[in-house]
Amino acid sequence: MSQISIRAEKLGKQYRIGAPLASYRTLRELMGERFSNPARGLYQREKNNHIWALRDVSFEVYQGQALGVIGRNGAGKSTLLKVISRVTHPTEGFAEIHGRVGSLLEVGTGFHPELTGRENVYLNGAILGMKRTEIDRKFDEIVDFSEVANFIDTPVKRYSSGMYLRLAFAVAAHLEPEILVVDEVLAVGDAEFQRKCLGKMSDVAQQGRTVLFVSHNM
Amino acid sequence: MERSLTVNQSDVPVTIIRPSKGWTMINLRDLWRYRELIYFMTWRDIKVRYKQTLLGAAWAVLRPFLTMVVFSIFFGELAGVPSDDVPYPIFAFAALLPWELFSQALSVGSRSLVQNSNMITKVYFPRVILPLASVLAGVVDFFVAFLVLAGMMFYYGIAPTSAVWTLPLYLFLTLITAIGVSLWLSAMNVLYRDVGYVTPFLTQFWLFITPIAYGASLVPEKWRFLYAINPMVGAVNGFRWALLGIPSAAPNGMLYISVGVSLLVLISGLFYFRRMERQFADMV
């Protein structure tokens, strides 16, 4: 049972800060910079405009364990989840992930407003890494959970924000990866629905899957 | 209730996360694992393309058709551009089919990463799926327009040649080229939004250096090999040859050059994309 699930060693992620590089740049700006001040590139590298969002993070999570990461805004929680779920690459360090990772850094990723609820369930499921047959099998369950069965063939742009979030969460809650990575997405919908979500999440943990959860409050 | 997921060591995929540096090839195994997402994203792009438009999928026909009409009047009639003994409208339309596929793919493909930035910053999947799906979605438009071409050929009493079976190969060449260029443009667009301004101009420019309004036979012999560096020359000539049997468009050395350049663009595009990929989530 005590099989390793996630092992992280000295993970670090560095971001550049400062106006010219943080936002997107255009070729003209880049050339202008080079011409107007050829030494600037060198100068900038010396200047300390880098920030470590994450540094020296080492931990081990065993299969079936749930690890909660709590910290204030800007502590690097989301960055850690992004690195673990392979959205972004670490600057240094190493991690080993045993199993498929389902990442819920946001609910409804890839929902398209023009598509119907039904279509979005399939699309979103596929984006989160579900197989088509898996979605087919769970479709009714997902719709039941979301409580928007009557509107399942309506484009989601006509949904109220609550309906939208419920459907989005319903898809996410039916994800069955070995490792689930969650970022405060539970803070959606009304209190009753939140309780339902929490219940679903604890089911997940009891099924022997690993959960990595991030929040800024207990 | 749900069955609990029993996991044993052997069938659990192990992912290693570490800083990546240098040039690496696209991860084909990963792409294969996500093959269903390619299908779903293509399907989404097809579904969404003509949502809330009055004419809907008719646009797939109208664009090449109206271009064909304008070309026929100005190039075919007024300028008297030779069309190798085939009625000019058919001559132009057979070339416009692969061209529309290509130019649409460029315009949609180059924007694919930036437009889906919310997905890129929130969930992992092989990023190459985005430009790939937006190019593949255009194939449906191609087939709709193809029916119109078939109707026109019937109207003009032109039977396809015995080489018509090679048509899928030229369609494939068009797609390979479109994917290669889209990989370059979409990845560059993440860093440099100039691409958004460059692409329409690039497509317009490319239209003139491709034998759409005129025949490749118009290009002087000694320049043909230089001309064929444009991979769309090979693709468009192929369409004219396979459908209309125009002798000057028959496959020759030019086709090999076009195919070679197309593959070069695709492979270099895959490498460039892969190299830029690791910055996408941070830069988009």
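Proteins come first, then strands; the chains are lettered A, B, ... in the order of their sequence lines, and each starts at number 1. What you are looking at is a predicted structure, and each value in this text was computed from that prediction instead of being measured.
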Checking heavy atoms, do the side chain of B:N116, its backbone, both or neither come under 4.5 Å from chain A? neither

If you count heavy-atom pairs under 4.5 Å with chain A, which of B:M188, B:K122, B:E277 comes out on top? B:K122

Any chance the side chains of A:D183 and A:S78 put a donor and an acceptor closer than 3.5 Å? yes

Would you name the heavy atoms of B:V123 and A:L128 that are closest together and state the gap between them? CG2-CD2, 4.4 Å

Most contact-rich option vs chain B, by heavy-atom pairs under 4.5 angstrom, among A:G129, A:S85, A:P90, is A:P90

Any donor-acceptor pair under 3.5 Å linking the side-chain atoms of A:H174 with those of A:E176? no

For A:K13, is it the side chain, the backbone, both, or neither that has a heavy atom closer than 4.5 Å to a heavy atom of chain B? side chain

Tell me whether the guanidinium CZ or amine NZ of A:R86 lies under 6.0 angstrom from the six-membered ring centre of B:Y124 and within 45° of its axis. yes

Most contacts with chain B, counted as non-hydrogen pairs under 4.5 angstrom, among A:E114, A:M130, A:K82, A:E96: A:E114

Report which part of B:R127 has an atom under 4.5 Å of a heavy atom belonging to chain A: side chain, backbone, both, or neither. side chain

Under 3.5 Å, is there a donor on one side chain and an acceptor on the other for A:E106 and A:T109? yes

Toward chain B, the part of A:V181 with a non-hydrogen atom under 4.5 Å: neither

Tell me, side chain or backbone of A:K10 under 4.5 Å from chain B's heavy atoms, or both, or neither? neither

Is B:F65 atom CZ crowded by more than 12 heavy atoms from other residues, nucleotides or ligands, each under 6.0 Å away? no

Part of B:I129 within contact of chain A (heavy atom distance under 4.5 Å): neither

Part of A:E9 lying under 4.5 Å from any heavy atom of chain B: neither

Evaluate side-chain contact (heavy atoms from CB on, under 4.5 Å) for B:N118 paired with A:F111, printing each intermediate quantity in order. CA-CA 10 Å; B:N118 62 327; A:F111 260 44; over 6 Å; no

Using non-hydrogen atoms only, which part of B:Y39 is less than 4.5 Å away from chain A: side chain, backbone, both, or neither? side chain

A:R55 and A:E92 ion-paired at < 4.0 Å: yes

